[in-house]
Amino acid sequence: MSTEADPRPPSAPTLAARRPSVPAQALPVHPPRTAPLPPTLFPGPGGPTTPEPDPAPATARARGPVRTVAAAVCLVLGVGLIGGAVAGGRLAEPPGRSTAAERDFAEGRTLWRTVPVDELFPRSVRATGAGPGGADRRWTRVGVAPDGDCAGAFDAPLARALAPAGCARLLRATYTDATSTTVTTIGLLVTAADEAGMRALRTRFTTERLAERTDLMPRPYAPPGTVAERFGDAQRVSWHIGVLVDAPAVVYAVTGFADGRADMPPQPAAQAVAHGATTAPAQAGLGHDASALAERMETALRRALRAAAREDQR
C-alpha cells in the first residue's frame, strides 16, 4: 500500500557509380538491321495499312503473367511470415504476464508491510493555502493505531457499503492542528478487491453520493493520553471518503473539535470547502482539514507505489 543524435551515414553511391565500365573493344558488334518491310499490298476495307510489329514470342508473352503470380505469392508468403512471427511472439509470452499497471495495483495490497509509517503518516504535515480563505495549515501527528482488520472500525451502514471490496488491512493515524483545537483521523483501508471491484465501488459511491451521507461517516481513532482522547463518534463534524481505482485502497478522513463538543451539525468536506460556504464546519476549517489530509494520504500512497515499481525494475 511510485539523446544524442548519431551522425548520419555517408550517402550511398548511386547506381551509376557502382556500374563497372566496359572497354570499347569489348562491346559486341551487331549486324546491320535489314530495311523495314513495305506496306502490305492487300488493302483492307480502309485501304492500305502499315504492317503491325511481329507478335512477341510465346515465352515472352507467358513471362508477364508468371512474374505477376510469383510476385503475388511472395507477397502472401511475406505477410504470412510477418503475421506468424507476431503471433509466435505473443504465444511465446509467459502465461499470466501482467501489465505495469496491474503489477502496481497488486503491489498496493502488500505495500503497507514495507513502507515506513512515517512515509504514510508523517509526524508533521504542512499545506500551503489549505485552510479557509487560503490560509496555510500545519498538523502534528498525535497517535498511530496498530494495523488490523476492520472489525468495529466503521458504523454498520458504512461497513455494509464497503463490504463488497473486502478488508485486507486497516491503517489509521490521528492529527491535531497547530492550535490543538481540531483533531482529524486519517484512515487507509487496504481492500481485497481487484481493479474491476474498485471501479464498481467507486461508481456506486459516486452515483449514489454515499460519501455525503451522515450515516456513513467514518469512525475516529482517539489515542489515549493525547489531545484527541475525547474525539469520539459524537464529536464527528466533517469527513471525506475517497475510493481509489489505481490501487486497492479507500482513503478517508474524519475531523472534529478536541474539546469534546458535540453540538455541531456534521457536513461532508466537499460541501464545507465549497466557495461561499458559511457553515460552522466551513468557517472552523474542519472540512479543509479532512480534505487536505486525505489528499496528502493519497499522494503518499501513490509516491510509495512509484518507488516500489522503480525498485522492482532494477
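Remark: Arg123 engages Asp118 in a salt bridge, criterion side-chain N to carboxylate O under 4.0 Å.
Contact of the Thr176 side chain with the Thr182 side chain is not registered, since no non-hydrogen atoms from C-beta on lie closer than 4.5 Å. Between Phe121 and Leu171, the closest side-chain pair of non-hydrogen atoms falls below 4.5 Å. At a threshold of 4.5 Å between non-hydrogen side-chain atoms, the residues Val117 and Trp112 do not count as touching. Between Leu305 and Leu111, some side-chain heavy-atom pair lies under the 4.5 Å cut-off. Within the 4.5 Å cutoff, no side-chain heavy atoms of Arg141 are placed close to those of Ser124. Counting only heavy atoms from C-beta outward, the side chains of Val183 and Thr226 never approach each other to under 4.5 Å.
Met198 is not connected to Val190 by any chain of hydrophobic side-chain contacts under 4.5 Å among Ile, Leu, Val, Met, Phe, Trp and Tyr, and they are in different clusters. Under the 4.5 Å side-chain contact rule for hydrophobic residues, Val115 and Val125 share a cluster. Note on Phe105 and Leu189: same hydrophobic cluster, where clusters join Ile, Leu, Val, Met, Phe, Trp and Tyr whose side-chain heavy atoms are under 4.5 Å apart, directly or indirectly.
Between the side chains of Asp289 and Trp139, at least one donor N or O lies within less than 3.5 Å of an accepting N or O. With hydrogens and angles left out, the side-chain atoms of Ser238 and Thr255 include no donor and acceptor closer than 3.5 Å.
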Exercise for review: In sequence, state the C-alpha distance, the side-chain angles, and the governing distance for Thr185 and Thr174, and then conclude on side-chain hydrogen bond (donor to acceptor under 3.5 Å, both in side chains).
Suggested key: CA-CA 4 Å; Thr185 292; Thr174 296; 2.9 Å; yes
Exercise for review: Could you check Arg172 against Leu188 for side chain to side chain contact (heavy atoms under 4.5 Å, CB included), going step by step and ending with a plain yes or no?
Suggested key: CA-CA 6 Å; Arg172 294 172 296 172; Leu188 173 62; over 6 Å; no
Exercise for review: Take Glu229 and Val142 through the side chain to side chain contact (heavy atoms under 4.5 Å, CB included) test and state the conclusion after the steps.
Suggested key: CA-CA 10 Å; Glu229 63 182 350; Val142 297; over 6 Å; no
Exercise for review: Could you please spell out the steps behind the side chain to side chain contact (heavy atoms under 4.5 Å, CB included) verdict for Leu170 and Phe154?
Suggested key: CA-CA 11 Å; Leu170 179 64; Phe154 304 109; 4.3 Å; yes
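Taken from CD in Glu208 to OG1 in Thr203, the straight-line distance is 10.5 Å, to the nearest 0.5 Å. Going from atom OG1 of Thr110 over to atom CZ of Arg169 covers 12.5 Å, rounded to the nearest 0.5 Å.
Considering every non-hydrogen atom in both Leu201 and Ala161, the closest pair reads CD1-O, 3.5 Å. Minimum interatomic distance between Asp177 and Thr181 (heavy atoms only, all atoms of both residues): OD1-N, 2.7 Å.
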Donor-acceptor list for residues 256-274 side chains, cut-off 3.5 Å, not counting sequence neighbours:
{"from": "Asp259", "atom 1": "OD1", "to": "Arg261", "atom 2": "N", "distance (Å)": "3.1"}
{"from": "Asp259", "atom 1": "OD1", "to": "Arg261", "atom 2": "NE", "distance (Å)": "3.2"}
{"from": "Asp259", "atom 1": "OD2", "to": "Arg261", "atom 2": "NE", "distance (Å)": "3.1"}
{"from": "Asp259", "atom 1": "OD2", "to": "Arg261", "atom 2": "NH2", "distance (Å)": "2.8"}
{"from": "Gln267", "atom 1": "OE1", "to": "Thr279", "atom 2": "OG1", "distance (Å)": "2.4"}

Which atom pairs, one a donor and one an acceptor, fall under 3.5 Å between side chains of residues 291-300 and the rest of the protein, sequence neighbours left out?
{"from": "Ser291", "atom 1": "OG", "to": "Gly287", "atom 2": "O", "distance (Å)": "3.0"}
{"from": "Thr299", "atom 1": "OG1", "to": "Glu295", "atom 2": "O", "distance (Å)": "3.0"}

Side-chain donor-acceptor contacts of residues 241-252 below 3.5 Å, not counting sequence neighbours, with atom names and distances?
{"from": "Asp246", "atom 1": "OD1", "to": "Arg302", "atom 2": "NH2", "distance (Å)": "3.4"}
{"from": "Asp246", "atom 1": "OD2", "to": "Arg302", "atom 2": "NE", "distance (Å)": "2.8"}

For residues 215-222, which side-chain donor-acceptor pairs fall under 3.5 Å, sequence neighbours excluded?
{"from": "Asp215", "atom 1": "OD1", "to": "Arg213", "atom 2": "NE", "distance (Å)": "3.1"}
{"from": "Asp215", "atom 1": "OD2", "to": "Arg213", "atom 2": "NH2", "distance (Å)": "2.8"}
{"from": "Arg219", "atom 1": "NE", "to": "Asp233", "atom 2": "OD1", "distance (Å)": "3.3"}
{"from": "Arg219", "atom 1": "NE", "to": "Asp233", "atom 2": "OD2", "distance (Å)": "3.2"}
{"from": "Arg219", "atom 1": "NH1", "to": "Gly152", "atom 2": "O", "distance (Å)": "3.0"}
{"from": "Arg219", "atom 1": "NH2", "to": "Asp233", "atom 2": "OD2", "distance (Å)": "3.0"}

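Listed by first and then second residue, the ring-ring contact (aromatic ring centres under 6.0 Å, His included) pairs involving residues 198-217 amount to none (not counting sequence neighbours).
In this structure, the side chain of Arg137 does not engage the main chain of Arg126 through any donor-acceptor pair within 3.5 Å. In this structure a side-chain-to-backbone donor-acceptor pair under 3.5 Å is present from Asp194 to Gly197.
Shown here are the side-chain contact (heavy atoms from CB on, under 4.5 Å) partners of Arg209, two or more places apart in sequence or in another chain: Glu212.
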